[in-house]
Amino acid sequence: MVKVCTHPTLILAFLMSLTACGDIKGAIEFSNARDDFIARRAALDDRFNTAYLGVPDTGESTYTGEASLAVGTKSNGIVLIGDASITVDFETNAVTGLLDNFSGFDTNEDFSEYAGVLVLQDGVLGAVNPNDVQGQIVGVLTGDGNVIGVDAFWDGHLKGTPIYGILGDTTAADSTFELNGTVVTGVIVTAVD
């Protein structure tokens, strides 16, 4: 099975190109969510990774924000923005999360809401370095006659000292995205604080 991934900057380029959409209400909602995602992602990206000694060894924190998902190509693809919630248990080093409430546009600029939940499972804090997080994002989203299947390896970093949030994305080598049963290019970026 072919496994490929789109670089996160391509999501931003695709997100920015969706401005003249036929569904006015959908366009406004998507534009607001897109702007929130871009601002949160930039704020997290501007921060250094959390200092190793700044990672607690007790307690639990939940970080919320957005997740962007892009599958396919600019000529035949879908870009969605949804809610993201990621919880880190610093005592057990477990990382869990949910990504849901997705909506967005296909390349024909048709707006749709997507049902379904993507789950961050088998998440681990400190797999390589104390400030690293990783896990597997799995699930199915459906909307506008489309079915998006996700089985993607996700990794990222705690950002800021003290911890401000988490920035992560899926990696190409260990990720599979399907659009209507066909393996396609895809990526998920999460920005939570």
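Computed from a predicted model, the values in this text were never measured in an experiment. Just so you know, these numbers use all the heavy atoms, side chains as well, and skip hydrogens, waters and symmetry mates.
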Which atom of Ala67 lies closest to which atom of Phe102, heavy atoms considered:
O-CE2, 3.7 Å
What's the verdict on side chain to side chain contact (heavy atoms under 4.5 Å, CB included) for Thr96 and Leu120, showing C-alpha distance, side-chain angles and the deciding distance?
CA-CA 5 Å; Thr96 57; Leu120 174 59; 5.9 Å; no
So, for Phe37 and Glu66, which heavy atoms are closest and what is the spacing to 0.1 Å?
CA-OE1, 3.5 Å
Exercise: identify the closest heavy-atom pair between Ser112 and Asp144:
OG-CB, 2.9 Å
Taking side chain as C-beta onward, heavy atoms only, is Lys159 less than 4.5 Å from Phe48?
no
Phe30 ring center within less than 6.0 Å of Phe105 ring center
yes
Output side-chain donor-acceptor pairs under 3.5 Å for residues 53-62, partner residues at least two apart or in another chain, one line each.
residue: Thr62; atom: OG1; partner: Thr87; partner atom: OG1; Å: 2.9

What are the two closest heavy atoms between Gln134 and Val128, and how far apart are they?
NE2-CG2, 4.5 Å
Please determine whether side chain to side chain contact (heavy atoms under 4.5 Å, CB included) holds for the pair Thr170 and Phe177, giving the CA-CA distance in whole Å, both sets of side-chain angles, and the decisive distance to 0.1 Å.
CA-CA 11 Å; Thr170 53; Phe177 293 87; 3.9 Å; yes
Please lay out, stage by stage, how Phe111 and Glu109 fare under the test side chain to side chain contact (heavy atoms under 4.5 Å, CB included).
CA-CA 6 Å; Phe111 176 82; Glu109 297 189 354; over 6 Å; no
Minimum heavy-atom separation for Val150 to Ile137, with atom names?
CG1-O, 3.4 Å
For Ile166, the option from Val95, Asp193, Thr50, Ile86 that meets side-chain contact (heavy atoms from CB on, under 4.5 Å):
Ile86
First locate atom CG of Leu167, then atom CG of Asn49, and finally report the distance between them rounded to the nearest 0.5 Å.
9.0 Å
Side-chain touch Phe90/Ile163, heavy atoms, less than 4.5 angstrom:
yes
Using the side chain to side chain contact (heavy atoms under 4.5 Å, CB included) rule, take Trp154 and Leu118 through it: C-alpha gap first, then chi angles, then the decisive distance, then the call.
CA-CA 12 Å; Trp154 169 88; Leu118 302 180; over 6 Å; no
Which atom of Ala70 lies closest to which atom of Val79, heavy atoms considered:
CB-CG2, 4.0 Å
